[in-house]
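Below: the structure, in structure tokens.
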Amino acid sequence: MEKRPGRLLLLSDLSVRNTAYEVSLSRSLLTWKKRLPSPVYHPFKPSMCRSVTVSEIICVREEEEENSSRDEGSWRKIREGHGRDCRQAFTVSYVERGRNHRWRCAEVTFVCPDAVLCQRWVQCIREQLAALGCRPKHLLVYINPVGGKKRGKRIYEQKVAPLFARAGITTHVIVTEYANHARDHLRTDAELKQFDGVVCVGGDGMFSEIIHGLIWRTQMDSAVNPNSPEEALQACPLRIGIIPAGSTDCICFATVGANDPVTSALHIIVGDSQPMDVCSVHHNNTLLRYSVSLLGYGFFGDVLSDSERKRWMGPARYDFSGLKMFLTHHYYEGAVAYLPAKGIMGTPRDKTRCRTGCVVCEHNGKVFTEKGEKYKSAESFDAEGEEEWQSVRGKFLAINAASMSCACPRTPKGLSPAAHLADGTTDLIVVRKCSRFNFLRHLIRHTSKDDQFDLGFVEVHRVNRFRFLPRQCQSDSDLNLRDAHKRQIFGPLCRDHPACSCGPHYSSWNCDGEVLKHAAIDVRVHCQLIKLFARGIEETTVFEEVTNPCAI
């Protein structure tokens with residue numbers, strides 16, 4: 001055995017399945033290379049050399065006779081080969097990447113020539129894992145037992161809990177009993193200081209409950225008024241994990257790349273961290289909801305409203321309602337005022353995609369952090385100047401705000417392919433009134449390689465705040481785009497409503513799958529307000545390199 005403090009922590013000749021390997025451990029890599037008697041040696045051939053980063057080792061354990069219930073299995077072979085000591089082998093569990101960004105837990109068992117060396121290896125690996133301060137030790141878990149296909153509890157118990165136990169993570173599990181149970185518990189009863197993170201087992205609705213409870217609790221503890229759209233919200237201290245078990249798991253797909261419970265559990269175990277923007281949606285200085293993915297008025301709002309009345313149809317209700325709304329072809333009148341994002345990197349129509357280690361999110365996050373103090377009061381907000389506010393008015397088929405790509409298995413590109421998770425902006429997409437055929441062209445481009453914004457009736461803006469006022473706004477008419485002493489950008493578009501031939505025709509806002517009861521809203525993006533146990537979607541090239549780790 002040789003130890004090189006400057007480069008390696010341990011270097012030994014060990015056995016894997018009765019084959020000799022040279023095994024080395026540094027602070028970043030565990031590597032094992034097959035020793036071949038042949039003079040022709042291929043050190044970088046995957047079958048000859050394997051590596052795993054220390055940060056992606058799940059755990060290490062000594063193999064003991066009393067822990068093995070199968071005397072006929074591999075342990076008997078270990079005992080027969082080294083019959084005098086039953087503590088000469090150790091097993092390393094680690095992350096192994098599969099196709100389509102899926103992860104699984106793999107294992108390799110090393111047999112040592114003596115027990116002392118085995119214990120030294122186990123102790124050294126455990127010391128390196130303990131030095132990883134990003135890993136959670138104690139988690140608060142909420143399980144939605146009725147979401148999706150009602151498999152949340154079974155998914156957690158069969159696929160996730162064993163992995164947490166293997167990694168030494170303790171959990172406090174709460175099975176929700178009614179709608180907003182998790183939100184209410186986080187707001188008032190949860191002892192958050194005892195936990196390193198919060199995990200939700202369910203779909204996007206369950207995740208929405210978690211962020212609403214956690215953000216509200218954080219603002220209350222920080223004496224911040226969440227009902228004021230001018231307040232700069234405090235970032236949540238705890239990371240959030242998502243175990244997908246719902247009918248739609250768009251958030252998980254956008255931040256991990258796959259809707260797989262095991263993959264999500266492994267991201268939690270290794271302590272990944274992905275910041276995420278959150279949009280606060282206000283009406284008349286009252287908080288309505290928080291949004292992290294899609295705000296949709298018009299087509300997507302109508303689809304959601306109609307599908308809610310057909311829940312008995314199951315997931316098929318979305319297809320039915322989508323076809324119905326497309327054939328109905330409603331358009332709505334109103335006006336949008338928005339504050340364009342200034343001094344940032346990236347545009348909604350570039351080819352940059354938000355991936356692991358996104359430079360756009362890093363750069364823009366720093367920009368908005370420096371500007372954070374600028375928006376703490378209404379006075380500082382107005383100081384932006386009238387010239388920076390821009391407006392769009394007319395007849396619209398859809399008004400969408402995408403804070404992420406909103407990609408899912410059905411639409412791999414999403415509503416806005418170049419939207420970013422943590423750049424402090426949202427992509428405001430305005431689809432003006434057009435023919436049914438042209439609108440179909442726009443929808444089809446969500447699944448094709450064409451630029452879905454390269455149409456004359458579609459415009460997109462990257463903004464950090466916007467307001468919407470519908471036509472014939474009555475109960476919502478007190479939501480102005482300027483203070484009373486300033487000239488309004490627009491007033492009611494139909495002043496003599498009783499005499500005109502148009503009826504009060506409103507759509508609803510689709511806010512991450514929930515219907516908002518107010519059409520006039522004020523939306524502001526809060527940069528990197530929450531963090532998830534995720535790392536974003538890894539690039540294909542990165543995936544290929546890690547599949548052959550010795551190429552690192």
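Residues: numbered from 1 along the sequence shown.
Inter-residue side-chain proximity for Y297 and L397 is flagged as unmet; no heavy-atom pair is nearer than 4.5 Å. The closest side-chain heavy-atom distance from R436 to R441 is not below 4.5 Å. You'll find the side chain of V201 stays beyond 4.5 Å of the side chain of V160, heavy atoms only. Looking at heavy atoms from C-beta onward, I251 lies in side-chain contact with M276 at the 4.5 angstrom threshold. A heavy-atom distance below 4.5 Å is found between the side chains of H442 and V458.
Note on ring orientation: taking the six-membered ring where Trp is involved, the planes of H212 and Y290 are tilted (angle from 30° to 60°). Using a 30° and 60° split on the angle between ring planes, F439 and F326 fall in the parallel class, below 30°. Aromatic ring pairs are classed by plane angle as parallel below 30°, tilted from 30° to 60° and perpendicular above 60°; the pair W121 and F90 is parallel.
Between F110 and W32, a ring centre-to-centre spacing shorter than 6.0 Å is recorded. Ring to ring, Y338 and H461 are close: their centroids are under 6.0 angstrom apart.
A salt bridge is defined here as a Lys NZ or Arg NE, NH1 or NH2 lying under 4.0 Å from an Asp or Glu carboxylate O, and R97 with E56 meets this definition. By the 4.0 Å N-to-carboxylate-O rule, R349 lies too far from E459 to be salt-bridged with it. At a threshold of 4.0 Å, the pair R126-E62 does not count as salt-bridged, since none of the basic side-chain nitrogens sits closer than that to a carboxylate oxygen. Taking the charged nitrogens against the carboxylate oxygens, E63 and R61 do have a contact shorter than 4.0 Å, which makes a salt bridge.
In this structure, S15 contributes its side chain and N18 its backbone to no donor-acceptor pair below 3.5 Å. Between the N100 side chain and the R102 main chain, no donor and acceptor come within less than 3.5 Å of each other. Panel note: side chain R135, backbone A167; no donor-acceptor pair is recorded below 3.5 Å. Under a 3.5 Å cut-off, the side chain of R217 and the backbone N or O of A190 do form a donor-acceptor pair. Under a 3.5 Å cut-off, the side chain of D204 and the backbone N or O of C250 do form a donor-acceptor pair. In terms of modelled atom types and a separation under 3.5 Å, the side chain of N364 and the main chain of M345 share a donor-acceptor contact. A donor-acceptor contact shorter than 3.5 Å links the side chain of D512 to the backbone of S293. When atom types are taken as modelled, the side chain of D277 and the backbone of Q528 share a donor-acceptor pair closer than 3.5 angstrom. Between the side chain of D249 and the backbone N or O of C252, no donor-acceptor pair lies under 3.5 Å. At least one donor-acceptor pair under 3.5 Å links the side chain of S307 to the backbone N or O of L304.
For K366, the NZ atom counts as loosely surrounded, since its 6.0 Å shell holds 12 or fewer non-hydrogen atoms of other residues, nucleotides or ligands. Around atom OH of Y178, more than 12 heavy atoms belonging to other residues, nucleotides or ligands sit under 6.0 Å away.
Here the shortest heavy-atom pairing between A182 and E209 reads N-OE1, 3.2 Å. Taking each heavy atom of G536 and T356 in turn, the nearest pair found is O-OG1, 3.3 Å. Of all non-hydrogen atoms in P244 and N259, the two that sit nearest each other are CG-C, 3.8 Å. Annotation for G414 and H446: closest pair O-ND1, 3.7 Å, computed over non-hydrogen atoms. Between K137 and D196, the shortest heavy-atom distance links the atoms N-OD2, 2.7 Å. The minimum heavy-atom distance linking H526 with S280 is given by the pair NE2-OG, 2.9 Å.
The structure places NE2 of H101 at 10.0 Å from NE2 of H267, a figure rounded to the nearest 0.5 Å. To the nearest 0.5 angstrom, I269 atom CD1 is 7.5 Å from C105 atom SG. The NE2 atom of H329 sits 10.5 Å away from the CG atom of L440 when rounded to the nearest 0.5 Å. Rounded to the nearest 0.5 angstrom, I268 CD1 and I169 CD1 are separated by 8.0 Å.
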Steps toward side chain to side chain donor-acceptor pair (under 3.5 Å) verdict (T255, Q274): CA-CA 8 Å; T255 55; Q274 170 64 54; over 6 Å; no
